[in-house]
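Naming: A, B, ... by sequence-line order, numbering from 1 per chain.
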There are 2 protein chains.
Amino acid sequence: MKISAQEEYGLRCLVQLASVTNGETLTLPQIAELEGISQSNAGKLMWLLNKSGFVKATRGTKGGYSLARPADEIYLSEVIKVLDDDEIEGHCGSYTGVLDSCVHTGDCGIRSVIVGLHEIVQNALSNVTLSQLVGTEKKVDERFHRIQRMAQ
Amino acid sequence: MKISAQEEYGLRCLVQLASVTNGETLTLPQIAELEGISQSNAGKLMWLLNKSGFVKATRGTKGGYSLARPADEIYLSEVIKVLDDDEIEGHCGSYTGVLDSCVHTGDCGIRSVIVGLHEIVQNALSNVTLSQLVGTEKKVDERFHRIQRMAQ
DNA sequence: TCTAATCTTGACTGAAAAGTAAAGATTTGA
DNA sequence: TCAAATCTTTACTTTTCAGTCAAGATTAGA
Ligand code: FES
Ligand code: FES
């Protein structure tokens, strides 16, 4: 159970956008610089985030990216859902074994675990917004854990 | 945040072993058949599970695999830790950007999320044992959710 | 208008994960 | 002893994911 590169770096880019003062934008070169990734890579991520409505992009001189909504209205659950191309529903159909689908179709204990885990993660993420990730690590860590405890 | 093929199929194989009556063994061809994967693939998974102490293997005629411990003493958290080659600790060092490590070394909100998510998942899995995955989907689903609620 | 800055898009390359194949090692039992 | 059944190990191939590149499209401002 790992977070993918796309999820992690996509989230990082969003956090950078959430950190700039309202109204300002960040250009691709800036984002790449801030996160230490190539401009090409940043471009691809931002394209995806734009396509899925998390950021607004303006081209041309003075252009750049900015959040499409206030940072405190963007929940990590939504973000991860897009960056991970969520397809938990089709799980039992995309089984890669020699059979056409899961062998236990219709009655299977594994599915409960896989779907259940997904729910747990989504639930945890749905309690955190982008704006809560801005700040020092200490503060963020406290917030994250406090939010987790409250959700229980 | 996806479960890897190795995690899923490794877990499936263990559940199969947990389902046979005590003392009996399953051979590679049997496991492969039961899970609908190739014998080679099953062999690789079982080799890993054997190496990490979850199953016992005996060679030769009448050989096969069996659980090394009772199914109700094997927690999913341990299993997944092995199948996922857990290395959350080194996260900030294995950054793949153009820089040597995470750019925010020392003060970063992303790390809290990544480490925190890992904790949440491990915590959920540490409340479920292999034996609880044996049975019909309905029962397993009930168990899983009940256990989750209790843990809160 | 024209140029520079900026995002967009699709194709390409490289790396990692997943799966397969084949030869080797061990054990049982005839 | 010998052969069949079984696990073990290493190497290989395929597929998927990550990252790069280059050409294109749009906008602002001189
Ligand atoms: S039938 Fe799909 S996970 Fe079991
Ligand atoms: S410094 Fe490693 S995740 Fe931020």
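- For the residue pair S19(B) / Q16(B), no side-chain donor-acceptor distance below 3.5 Å is found, with atom types taken as modelled.
- One atom, CG of D85(A), and another, P of dC17(D), lie 7 Å apart when rounded to the nearest Å.
- Take S131(A) and apply the side chain to side chain donor-acceptor pair (under 3.5 Å) test, not counting sequence neighbours, and it matches T129(A).
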Worksheet item: What string of B, S and - do you get for nucleotides 9-16 of chain D, 5' to 3', if B is base contact, S is sugar-phosphate-only contact and - is no contact with any protein heavy atom under 4.0 Å?
Response: S-------

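- Taking atom CD of Q30(A) as the reference point, atom P of dT6(C) lies 8 Å away to the nearest angstrom.
- Sorted by first and then second residue, the side chain to side chain donor-acceptor pair (under 3.5 Å) pairs with a member in residues 66-78 of chain A read R69(A)-E78(A); sequence neighbours excluded.
- Taking atom CD of Q39(A) as the reference point, atom C1' of dT9(C) lies 15 Å away to the nearest angstrom.
- Between Y65(A) and dT8(C), a side-chain N or O to OP1/OP2 separation shorter than 4.0 Å is present.
- Heavy-atom distances to DNA chain C give each of L26(A) and N41(B) a nearest nucleotide, and the one nearer the 5′ end belongs to L26(A).
- One interatomic measurement links the two molecules: CG of L28(A) to P of dT20(D), which rounds to 14 Å at whole-angstrom precision.
- Nearest to the side-chain atoms of T27(B) among the listed nucleotides dC7(D), dA18(D), dT8(C) stands dC7(D).
- Between the CG atom of N50(A) and the C1' atom of dT8(C) there is a distance of 9 Å, given to the nearest Å.
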Can you give me every donor-acceptor pair (side chain of residues 39-58 of chain A, partner residue at least two apart or in another chain, under 3.5 Å) with its distance?
{"from": "S52(A)", "atom 1": "OG", "to": "L48(A)", "atom 2": "O", "distance (Å)": "2.5"}
{"from": "T58(A)", "atom 1": "OG1", "to": "G64(A)", "atom 2": "N", "distance (Å)": "3.4"}
{"from": "T58(A)", "atom 1": "OG1", "to": "G64(A)", "atom 2": "O", "distance (Å)": "3.3"}

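- The phosphate of dT20(D) (OP1 or OP2) has a side-chain N or O of S38(A) nearer than 4.0 angstrom.
- Between I31(B) atom CD1 and dT6(D) atom P the separation is 12 Å, expressed in whole Å.
- Contacts with DNA chain D (heavy atom under 4.0 Å) in residues 53-62 of chain B: A57(B), T58(B), R59(B), G60(B), T61(B), listed by number.
- If you measure from atom CG of L48(B) to atom C1' of dA18(C), you get 13 Å, rounded to the nearest angstrom.
- A donor-acceptor distance shorter than 3.5 angstrom exists from the side chain of Q30(A) to the backbone of T27(A), with no hydrogens or angles considered.
- Applying the side chain to side chain contact (heavy atoms under 4.5 Å, CB included) test to E142(B) and every residue at least two apart in sequence or in another chain returns K138(B).
- Taking atom CD of residue Q6(A) and atom C1' of nucleotide dG19(D), one finds them 11 Å apart after rounding to whole Å.
- Under the 4.5 Å side-chain criterion, counting only non-hydrogen atoms from C-beta, M1(B) is not in contact with K2(A).
- Remark: side-chain polar atoms of E7(B) are paired, donor with acceptor, to backbone N or O of S4(B) under 3.5 angstrom.
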Worksheet entry | Residue pair R146(A), D141(A): steps toward the salt bridge (Lys or Arg N to Asp or Glu O under 4.0 Å) verdict | CA-CA 8 Å; R146(A) 180 155 39 79; D141(A) 200 57; over 6 Å; no

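- When each of K2(A) and G64(A) is assigned the nucleotide of DNA chain C with its nearest heavy atom, G64(A) is the one assigned upstream, toward the 5' end.
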